[in-house]
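Working notes, beginning with the structure itself.
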Amino acid sequence: SRLTKDPKYTYVRLSELKPGAVVNVYGVVVFFKQPCRTRGTDFCTSLKITDQSNQSVCCNIFCEKLEDHPKIFRIGDIIRLHRVKTQSFNDSVMLINTFGTSVVTFDGEQGGPVEPRTSCRTFHFDQDDSRAVEELRAWRAGRLVVLPSLTPLSAVQPRTFFDLTCQLLAKASMDSSCTLLRVWDGSRCPHPQLKVDIGPDVTEGPWSFSAQKEQLIANILVFDNHVELAKELKVPGDFLRIYNLRAIPGSHRLPGLSSSQPAELHHLAFHLHGGTAYGRGIRVLPETCPEVQELKRVLDSFQDDDLHDLLEAWNTPPERPSGENGSSEPELWLPVAAGRRCSHVLCPERLSEVRRSAPGGFHHVRVQLRSFQPSRPHQLLKLYCSKCCSMQDVPDDDLLEDIFSQASRKAATYEPPPWALSGTATLPLGPSVRTLDVHVSKELLDGVKTKQLIFIMGSSLEEALHLTSGYRNVVPVTSSRGHMTLLDLSAPFLFRGRRRYYGCRSCSNVVMRDPCSGGVELMDEKSIAEALGVELMRLVFLMKLELRDATDSLHAYLWRDAELFFGVTAEDAAANQESQSSVCRTLESLCPKEGSSGGRPWLDLCLVSYRAGDDGGQAQTCYQVCHSAMATP
DNA sequence: TTAGGTTTCG
């Protein structure tokens, strides 16, 4: 019989390395560069590591594919190298990868989970590895080697180099050796930004942002070798760490400033210079990375600003504060994203008190609903992209008919994707009979599954809807440049029963992959969207309520907690007449029309107030319903 | 094979 046993690895201390051997080592990263293109076929990651022997050793990893390179995010990360070759260079020993080398990295922060980062499908990892990582973390911490601080935009000092962790919102190619990256990290840089004049035609991602979001955006110019990587970055959305970014104070003074005013008021430009000295480079951080999780929580809280923008577009300017809060400083309130809780005070505040309070708090109120906007139920629903925080109206059927008919006129000769089987379907609709081009995934050919998903070419909206009774998923398609593709994303990319699913026009990157290749059983709207490169938009309610009590009245927006308020999901309200009627009944009962019998009921609501930037020099306080319950009589 | 840290000059 054969005994299978875990291989036991022995690790050599860095001070014990001799040239000409293949060894396993552990170390703390004290320096690293992002992979850079060599004159050969590979990219090269250069790094330097140290361990408990206090010896530091340089290491080069050559790999053709970027994704196979060590996932080092920060100085202080722990790295484990298996089967690396030692070699003599400049009177010292260095490490280089060879056939069979395996690299795994870990976060270097003490106390955190020991999670291996690797692109290998299989790699050895056991309790001994956890222990080795913890030992190195403790050793590094004990030597007071601090991890480099992560500088938010709000703490950037002019004339310094720093690493920035941020989200990419938009980018623009300035010329062949310079690309502009527009990023944010949720904090506001106190220095005015370098203004970069770019047009919408050269911008990828949104071209303009609301005034208050604009104040949070940093313009970063990346040069030379970094332009190649910048091309691959996805806008909007990629989370980045930019290493060795330089904050350069500009020579231009703001208009109207005297020379006695401090230098802090100068413009600041951010440059990522060419070359790789000092680890200069850009890295896309995975969403699972703790710093990205934290960043997402912070950025998520700014969705309120976009709500504010949308309401402006409705020509319903938010309330200005009736009382003065004392400070005339333009100040941006940064909502505490986590732990946004209602304190559930027993005694509600009066609206007059609420309006006298500074923004940034919670208020329990007992109020009546005096009016609401919009008044037509279908306008309460919006499409919302959680990736770029944009909102859109839900298109009506007239608009959709237009898009479908344009797409069917456009459809020309094309090559169906290799994974699809093509045919025609005959639709008996009314007096006429129509034949449509249809495609199904070859994965579905196993008899019973062919009703799971169908791609239809050249149909009308009505025909697409008709097919939803026979097919679980209906994807309307057209052709473009000889290939099958989705319709304009203003139209639903997917019909499932009565539900229609939309993709975000700025975030989607349509590719016609086979949605069935991941398994027919798992096919929901999310997996189909993902396969097709579509960023799925969510349906949300959005309303403006006019609230009143004996002392005052104010406008509050009902958004995130609207589903709680109505007891109906936005998806249901869009697909289902009964749910829509239920929303209308709720609103009518809370806000009866003049002359109808019955009084106006009282509502217990929790409001959160926030200062929504300074539009035209004056800050505005906005209120959002964040929790609600009907008052018991 | 390649590179083998050590700040651009926009």
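Each chain gets a letter, A, B and so on, in the order its sequence line appears, and its residues count up from 1.
Computed from coordinates, the A:I220 CD1 to B:dT8 P distance equals 19 Å when rounded to whole Å. The distance between atom CD1 of A:I248 and atom C1' of B:dT8, rounded to the nearest whole Å, is 7 Å. Taking atom CZ of A:F89 as the reference point, atom C1' of B:dT2 lies 13 Å away to the nearest angstrom. Atom CZ of A:R280 is separated from atom C1' of B:dG5 by 11 Å (rounded to the nearest Å).
Taking a centre distance below 5.5 Å and an interplanar angle below 30 degrees as the stacking criterion, A:F62 stacks against the six-membered base ring of B:dT2. With centroids closer than 5.5 Å and planes inclined by less than 30 degrees as the test, A:F31 and the base of B:dG5 pass as a stacked pair.
Within the structure, a side-chain polar atom (N or O) of A:R39 is placed less than 4.0 Å from OP1 or OP2 of B:dA3. In this structure, A:K33 reaches the B:dT6 phosphate: one of its side-chain N or O atoms is under 4.0 Å from OP1 or OP2.
In terms of position along DNA chain B, the nucleotide closest to A:A277 lies nearer the 5' end than the nucleotide closest to the other residue of the pair A:A277 and A:C178.
Residues A:F62 and A:D42 approach most closely at CB-OD2, 3.6 Å, considering heavy atoms.
Residue contacts shown for A:G279 are absent, as no nucleic acid heavy atom lies under 4.0 Å away.
Here the separation of B:dT8 from B:dG4, taken at their C1' atoms, is 23 Å to the nearest Å.
A side-chain donor-acceptor contact under 3.5 Å links A:Y26 and A:D129.
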